[in-house]
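Okay, so here's the structure we're looking at.
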Amino acid sequence: MKNSAVFLIFLFLCFQIKAQVGLGTETPKTDFDVNGDLNLRKDLKFGGTTTKSGDPGIAGQVLVSSGPNSSPEWKTLKIPFATNGEYQLVSTNILYDRIGINFGSNSNNNSTSYISELGNSINSNNPTWTQIPALESNVIVEQEGNTLSLVFQTGVESNSGANTITDNRVVRYMCGIFQDNLLVAFRGDELLDVHRKTANNEGIYTLSYSVDNLSLGSHNFKVACRRIQTTAGTYQFAIGRSIDGSTVSNNFMLQSIFKIELLEPVIYQ
């Protein structure tokens, strides 16, 4: 009788091993289906076989799915973990342009366009802006309370022929950042051409801007510049490239860079 009972228990266990097991459910959907909390006191191992123990991972790793019918794997993520309320960088885009803008030797000596207004259109004819071709990007905002950081930097070059005259000459210019074709940041500058200098004049222009709480959705950003005034009719001037015939620089040396970074707050629901 005792042997029969042991045999029945053995058959029952074999049946259970072959069948699906459910905890908290009478209709398990997988080999082991738990409808409730799981309290794990030691290792959680994956990828084991009949002859090899599974991998418990190491401290700081996260569990990553390998897809259907494959064991998940422990992975090391090289990104910082952010707590609720902190900001995290969600996108970075760095654009380069070596075409630039060649204003040539146009005089453009009217000083009526020194000032620009926020909200001006990039398509305006007064003043007229010239877009730097490759410096355009879309940014998708998905979280309120965000911060967007924009940095534009470029090289400029000029030559007024001042080596043949006795006065200093100046070219004045301005660059701006446009959001959805409207001006949101700008700064004017000038490049001084010292008299009797036998070489071209080069300079670096930088415009940095940040905006808080952009509206959700997609936004377009562009960079454009304009020549404001020069003091000589034959004044050659270029932004983001070398002037025609330059022997001291090239488009690579004076290329433009536009960096866009979007930070959004971490919110745990």
Side-chain angles (χ1 to χ4, degrees), residues 34-41 43-44 46 55-68 70-97 116-123 129 131-154 174-189 204-225 240 255-269:
V34 179
N35 180 22
D37 297 335
L38 180 64
N39 186 22
L40 191 64
R41 296 176 180 267
D43 295 342
L44 181 62
F46 293 92
D55 182 11
I58 60 176
Q61 287 188 318
V62 297
L63 197 61
V64 177
S65 172
S66 298
S70 297
S71 175
E73 297 180 354
W74 295 106
K75 296 289 186 179
T76 300
L77 297 182
K78 297 181 179 180
I79 59 174
F81 285 95
T83 60
N84 194 38
E86 290 185 342
Y87 280 82
Q88 65 177 354
L89 182 64
V90 296
S91 68
T92 299
N93 194 4
I94 301 178
L95 307 172
Y96 301 89
D97 180 272
S116 288
E117 299 290 340
L118 292 175
N120 285 166
S121 172
I122 194 173
N123 300 314
W129 294 87
Q131 183 180 347
I132 298 181
L135 303 188
E136 179 178 354
S137 179
N138 292 322
V139 176
I140 298 177
V141 179
E142 298 179 340
Q143 181 67 52
E144 294 181 346
N146 54 78
T147 295
L148 187 74
S149 174
L150 305 165
V151 178
F152 164 65
Q153 188 171 76
T154 189
M174 179 180 293
C175 292
I177 297 174
F178 292 79
Q179 175 189 325
D180 302 323
N181 288 328
L182 299 179
L183 186 62
V184 294
F186 61 92
R187 186 177 69 81
D189 206 341
I204 297 294
Y205 175 93
T206 303
L207 175 59
S208 179
Y209 171 69
S210 64
V211 58
D212 295 330
N213 205 21
L214 268 174
S215 60
L216 303 186
S218 179
H219 295 278
N220 177 266
F221 289 89
K222 301 174 182 177
V223 175
C225 301
Q255 66 181 308
S256 300
I257 300 175
F258 188 31
K259 182 178 181 181
I260 306 172
E261 292 185 332
L262 176 63
L263 294 90
E264 294 182 348
V266 176
I267 299 177
Y268 296 117
Q269 303 293 338

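The structure displayed is predicted, hence computed values, not measured ones.
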* To do: Check whether the side chains of N220 and D180 place a donor and an acceptor atom closer than 3.5 Å, and report yes or no.
  => no
* Asked: Hey, what do you get for CZ (F221) to CZ (F258), rounding to the nearest 0.5 Å?
  -> 7.0 Å
* Asked: Distance from Q131 atom CD to N123 atom CG, nearest 0.5 Å?
  -> 9.0 Å
* **Sub-4.5 Å side-chain heavy-atom contact between Y205 and C225** => no
* Asked: Is there side-chain contact between S256 and V223, with at least one heavy-atom pair below 4.5 Å?
  -> no
* To do: Could you check N181 against K222 for side-chain contact (heavy atoms from CB on, under 4.5 Å), going step by step and ending with a plain yes or no?
  => CA-CA 7 Å; N181 288 328; K222 301 174 182 177; 2.8 Å; yes
* Can you establish whether the number of heavy atoms outside L89 located under 6.0 Å from its atom CG is more than 12? => yes
* To do: Kindly determine whether L183 and W129 satisfy side-chain contact (heavy atoms from CB on, under 4.5 Å), including the steps that lead there.
  => CA-CA 10 Å; L183 186 62; W129 294 87; 4.1 Å; yes
* Does the side chain of E264 reach to within under 4.5 Å of the side chain of V141, using non-hydrogen atoms? -> yes
* What pair of heavy atoms forms the shortest contact from L95 to S137, and how long is it? -> CD1-CB, 3.7 Å
* Structure fact -> Taken to the nearest 0.5 Å, the spacing of T206 OG1 from D189 CG works out to 9.5 Å
* **Flag, side chain of T154 to backbone of G240, donor-acceptor distance under 3.5 Å** => yes
* Drop me the distance from L214's CG to E142's CD, to the nearest 0.5 angstrom. => 13.0 Å
* Asked: So which heavy atom on N120 is nearest to which on F178, and how close?
  -> O-CE2, 3.7 Å
* **Non-hydrogen atoms of G145 and P265 that approach each other most closely** => O-CD, 3.5 Å
* Asked: Hey, does the Lys NZ or Arg CZ of R187 hover above the aromatic six-ring of F152, less than 6.0 Å from the centre and inside 45° of the axis?
  -> no
* **CD1-OH distance between I257 and Y96, expressed to the nearest 0.5 angstrom** => 5.5 Å
* Asked: Would you say N146 and N213 make side-chain contact, with heavy atoms under 4.5 Å?
  -> yes
* To do: State the OG-NZ distance between S208 and K259, to the nearest 0.5 angstrom.
  => 10.5 Å
* Asked: Sub-3.5 Å donor-acceptor pair from the side chain of D97 to the main-chain atoms of L135, do we have one?
  -> no
* Asked: For S215, what residues pass the side chain to side chain donor-acceptor pair (under 3.5 Å) criterion, not counting sequence neighbours?
  -> H219
* Partner of I260 by side chain to side chain contact (heavy atoms under 4.5 Å, CB included), out of I94, N138, T92, L148 -> L148
